[in-house]
Student: 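Right, I'll just put the structure down here and ask away after.
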Protein chains: 2
Amino acid sequence: MADEEPTSIWMQPEAHERSGPGRRPGYSREQITRTAVQIADAEGVEAATMRRIAGELGTGAMSLYRYVPRRDDLFDLMIDLAMSEIELPDGPSGDWRGDLTLLARQTRAAGLRHPWLIALLTSRPTLGPNLLRVHEFALSAFNGTGLDIDDITGFVGMLNDYVHSAIRREIGWLEEARRTGLDPERWKRDYMGPYVRQVVESGAFPLFNRSVLDSRTAHLAPEERFRHGLDRILDAIAALIPSLRPR
Amino acid sequence: MADEEPTSIWMQPEAHERSGPGRRPGYSREQITRTAVQIADAEGVEAATMRRIAGELGTGAMSLYRYVPRRDDLFDLMIDLAMSEIELPDGPSGDWRGDLTLLARQTRAAGLRHPWLIALLTSRPTLGPNLLRVHEFALSAFNGTGLDIDDITGFVGMLNDYVHSAIRREIGWLEEARRTGLDPERWKRDYMGPYVRQVVESGAFPLFNRSVLDSRTAHLAPEERFRHGLDRILDAIAALIPSLRPR
DNA sequence: AGTCATTCAGGTACCATGTACGCAAATGGA
DNA sequence: TCCATTTGCGTACATGGTACCTGAATGACT
């Protein structure tokens, strides 16, 4: 292989597209990525090591480097594979609220199916084709509302910020429990519980106490809570769109 | 040391508080944490290894484990130390918008001083005393607006989601450049640039193109951009508060 | 003062990780 | 048939977290 200049994984052609002399590749980026995703889903990203992925494929760890330059690039591929599961119509329906609600739900579903997705997505600047596709759909939902591109980008950002954070809140502590090796119930009761109880009983943070003790939304099902927050964001956006304000 | 049951780091007493027989501790959690923060600031979290921190302190790696059960707990301590730098008045001023703007700016400053802070903070469910202090201040800013605790929690969440994401957007690609070992300018031009150019020239994502090419806010100074987004969030919150709506 | 349980310092060691390097096997063009 | 090229992958190295162990320090009790 020629000296690979360091550039985005999306610029580097797949091995099997080549024609000419040389041994035919026995694997593919997609196959490797799919395997990595399966392992990460079942046991966490930290279990998706090069050796483990290769083992699952019945090959040696170093073989993977014929397809992926660095492990970080594999993360980008994993993100994009997960994003590819987000099914959206070809174009906006004209109902921006409905379109964005659909997108938010699909994103949440993908985030729950792949508990590592949001953490990876927000921890590195990646722009895979499927992320672009999804992002374009979000932007397009505001087409026809008379907003300029900066406002559209801002609103889509607001929505993304909420969706990502909400998903993180929903699964964050579950992932932490898994990482520490405790089962979630034990983690909540024995690990985090005593500290929170002590903080609450100290009375040092009265509003925090109210948010823990007096919350009604805390007892909602996760999906309801997600929907609640989503509606609030969409309400906020609607309130800021002049052309929609006098409704 | 007695068999430590696995519980939050904040529940485990410092060694120097103990009285009774035994050698006196030569270090402290604070000292260790401060060293870790310095290294992480200068070279990234991944450089703040147990060996490296211990080396900086002139001791052996295993000595640190007398003060910190696991490396992850050290992360919690680092987060809290960074949060302790966020200076806030003792109570809300009555001007919720001003209070939250102050908080947002202080958070941004801490996030820029410690480029690893937001990534750690949002990647694990942690609740150190300084995070609680800051969170309590945010909640208290809405005291007296007649909102119930769930709405307050929701708005503070909206604000936090924005602030964290905005900081991440501001430094995310710089961190990525550092991780890959390229200087930021090269990374943008040689690594990410060619791909983005190809995407733009393909014309496949017209609204994405407009957001890249026609954006006015993209050319603002980072601080202005942050302020822009912050104002939009605060506007959105204001628009949702019934008691403030008819202004 | 002497004894001793207790605690700290830190070296050694084990295992897992990403990945550089090199060589043999496979493959298609000349 | 030859050979440049590419893949498969074993070996090896540097680096990581941390379990375990020994020896030194220290205060309480006799």
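Chain letters run A, B, ... following the sequence lines, proteins first and then strands; every chain starts at 1.
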Student: Taking side chain as C-beta onward, heavy atoms only, is B/F205 less than 4.5 Å from A/L139?
Tutor: no

Student: Below 4.0 angstrom from OP1 or OP2 of C/dA9, is there any side-chain N or O of B/Y67?
Tutor: yes

Student: In plain terms, say whether B/R178 and B/E175 are close enough for a salt bridge, that is, a side-chain N and a carboxylate O under 4.0 Å apart.
Tutor: yes

Student: Less than 4.0 angstrom from a charged side-chain N to a carboxylate O is my criterion; do A/D161 and B/R168 meet it?
Tutor: no

Student: Classify every nucleotide of nucleotides 13-23 of chain D by which part a protein heavy atom approaches to under 4.0 Å, writing B for the base, S for the sugar-phosphate alone and - for neither, in 5'-to-3' order.
Tutor: ---BBBBB--B

Student: Please list, in numerical order, the residues of residues 29-39 of chain A that have a heavy atom closer than 4.0 Å to any atom of DNA chain C.
Tutor: none

Student: Can you confirm whether more than 12 heavy atoms, excluding those of B/E223, are under 6.0 Å from its CD atom?
Tutor: no

Student: Which residue is it: B/R70, B/R71, B/R29, B/R124? I am looking for the one with a salt bridge (Lys or Arg N to Asp or Glu O under 4.0 Å) to B/D76.
Tutor: B/R124

Student: Considering only heavy atoms from C-beta outward, does the side chain of A/T126 approach that of A/L131 to under 4.5 Å?
Tutor: yes

Student: Salt bridge check, B/E176 against B/R179: does any charged N sit closer than 4.0 Å to a carboxylate O?
Tutor: yes

Student: Expressed in angstrom and rounded to an integer, what is the separation of A/L64 atom CG from D/dG8 atom P?
Tutor: 10 Å

Student: Flag the pair A/F226 / A/Y162 as yes when their ring centroid distance falls below 6.0 Å, and as no otherwise.
Tutor: yes

Student: OP1 or OP2 of D/dC9 less than 4.0 angstrom from a side-chain nitrogen or oxygen of A/S63, does that happen here?
Tutor: yes

